[in-house]
Amino acid sequence: MDDPILTMEERTAINSGRWFSSLSPSLRHDILRCAHVKRYQDGDLISSRGDPAEQWIACARGSVRVCSTTLTGKQITLTYVEPGIWFGDVALFDGDRRTHDAYAHGPTTIVVISRTDFQKILTHHPELYEALLKLHARRIRLLFGQVEDLNTLPLRARLAKQLGHLLRSYGTPTGTGDDEVRITLQLAQEELAQLLGASRQRVNQELKTMEREGVLRIEPSGLVVRDRSALQRIAVAEE
């Protein structure tokens, strides 16, 4: 379902993105002026592996689940694209096809810029080249950091770091008067395990240990972090 107008909350999410907010006002204006709004329900397919790269995309609400499919047909989740994050530009530069599947995770809104408009914006705003180069460099640094963590950190520390990232992106105070924060992104333990390159059973064990320690609470609707300082200590203590 498409709606040509972003809500105030969705527009705020786009404009407050760390990378997008660093662009000049005129560039941000021209990007959004060319944007088309698309809305999806949970589980809807946004793009498939092998599709031609025709759009530059940003998440405005919800989350985009990026995944691959094994030879046996099992889907493996690689990452979740949060509101304010742009993606899909690499394929627009190298001309190759999409390398992964993308699905809506929960009710999701995206904005898309066509390849033609993307090229026009680059022509009129050369600053976008440098901005995208810096964005790609940041992605590479994050990727190397994740590979390093996978090879050097125990699961407990990796889990704490991942939960800290989810808190920053999807954390909402519970309103109980305490410092508890709920992770509003609904993830099954299997999906969380895939992000960490571990089994669901091992992730479940670590979560239960953190629950006994008072760091978090496991609820049917998701996870509530009770002690963010303790979570941060776990993330750094075993590096």
Closest heavy-atom contact between [X] and [Y]?
{"X": "Asp117", "Y": "Cys34", "value": "OD2-CB, 3.8 Å"}
{"X": "Ala104", "Y": "Asp42", "value": "O-OD1, 3.6 Å"}
{"X": "Ala60", "Y": "Leu6", "value": "CB-CD2, 4.1 Å"}
{"X": "Leu150", "Y": "Leu196", "value": "CD1-O, 3.7 Å"}
{"X": "Trp19", "Y": "Ala131", "value": "NE1-O, 2.9 Å"}
{"X": "Ala102", "Y": "Val64", "value": "CB-CG1, 3.8 Å"}

Can you measure from [atom1] ([X]) to [atom2] ([Y]) and round to the nearest 0.5 angstrom?
{"X": "Ser221", "Y": "Gln186", "atom1": "OG", "atom2": "CD", "result": "6.0 Å"}
{"X": "Leu223", "Y": "Ile218", "atom1": "CG", "atom2": "CD1", "result": "6.5 Å"}
{"X": "Arg65", "Y": "Glu191", "atom1": "CZ", "atom2": "CD", "result": "6.0 Å"}
{"X": "Ile31", "Y": "Ser26", "atom1": "CD1", "atom2": "OG", "result": "9.5 Å"}
{"X": "Leu195", "Y": "Gln146", "atom1": "CG", "atom2": "CD", "result": "9.0 Å"}
{"X": "Asn204", "Y": "Gln189", "atom1": "CG", "atom2": "CD", "result": "4.5 Å"}

I'd like to know if the side chain of [X] pairs up with that of [Y] as donor and acceptor (distance under 3.5 Å, no hydrogens or angles considered).
{"X": "His124", "Y": "Asp30", "result": "no"}
{"X": "Gln194", "Y": "Thr77", "result": "yes"}
{"X": "Ser169", "Y": "Tyr80", "result": "no"}

Can you check whether [X] reaches [Y] side chain to side chain, under 4.5 Å on heavy atoms?
{"X": "Gln119", "Y": "Leu122", "value": "yes"}
{"X": "Ser22", "Y": "Arg18", "value": "no"}
{"X": "His100", "Y": "Ser68", "value": "yes"}
{"X": "Arg168", "Y": "Glu82", "value": "no"}
{"X": "Leu167", "Y": "Leu231", "value": "yes"}
{"X": "Arg139", "Y": "Val90", "value": "yes"}

Any side-chain to backbone donor/acceptor pair from [X] onto [Y]? Under 3.5 Å, distance only.
{"X": "Asp101", "Y": "Arg49", "result": "yes"}
{"X": "Arg98", "Y": "Gly88", "result": "yes"}
{"X": "Arg28", "Y": "Leu23", "result": "yes"}
{"X": "Arg200", "Y": "Glu190", "result": "no"}
{"X": "Asn15", "Y": "Arg11", "result": "yes"}
{"X": "Thr108", "Y": "Tyr40", "result": "no"}
{"X": "Ser48", "Y": "Asp51", "result": "no"}

Counting only heavy atoms not in [X] (residues, nucleotides, ligands), do more than 12 fall under 6.0 Å from its [atom1]?
{"X": "Arg228", "atom1": "CZ", "value": "no"}
{"X": "His29", "atom1": "NE2", "value": "no"}
{"X": "Glu130", "atom1": "CD", "value": "no"}

Do the charged groups of [X] and [Y] touch, with an N to O distance under 4.0 Å?
{"X": "Glu206", "Y": "Arg202", "value": "no"}
{"X": "Lys38", "Y": "Asp44", "value": "no"}
{"X": "Arg156", "Y": "Glu213", "value": "yes"}

request  = For the pair Leu207 and Leu192, evaluate side chain to side chain contact (heavy atoms under 4.5 Å, CB included) and give the outcome as yes or no after the intermediate values.
outcome  = CA-CA 11 Å; Leu207 288 173; Leu192 183 57; 4.3 Å; yes
ask   = Where do Arg115 and Gln55 land on the side chain to side chain contact (heavy atoms under 4.5 Å, CB included) test, with the steps shown first?
value = CA-CA 5 Å; Arg115 174 190 286 274; Gln55 296 175 331; over 6 Å; no
request  = May I ask you to decide if the ring planes of Trp86 and Trp56 are parallel, tilted or perpendicular, using 30° and 60° as cut-offs?
outcome  = tilted
request  = Check the pair His136, Asp89 against side chain to side chain contact (heavy atoms under 4.5 Å, CB included), reporting the backbone distance first and the verdict last.
outcome  = CA-CA 9 Å; His136 295 167; Asp89 41 278; 2.5 Å; yes
message = Assess the residue pair Gln205 and Leu155 against the criterion (side chain to side chain contact (heavy atoms under 4.5 Å, CB included)); give the C-alpha distance rounded to whole Å, side-chain angles, the decisive distance to 0.1 Å, and a yes or no.
response = CA-CA 10 Å; Gln205 291 172 1; Leu155 177 59; over 6 Å; no
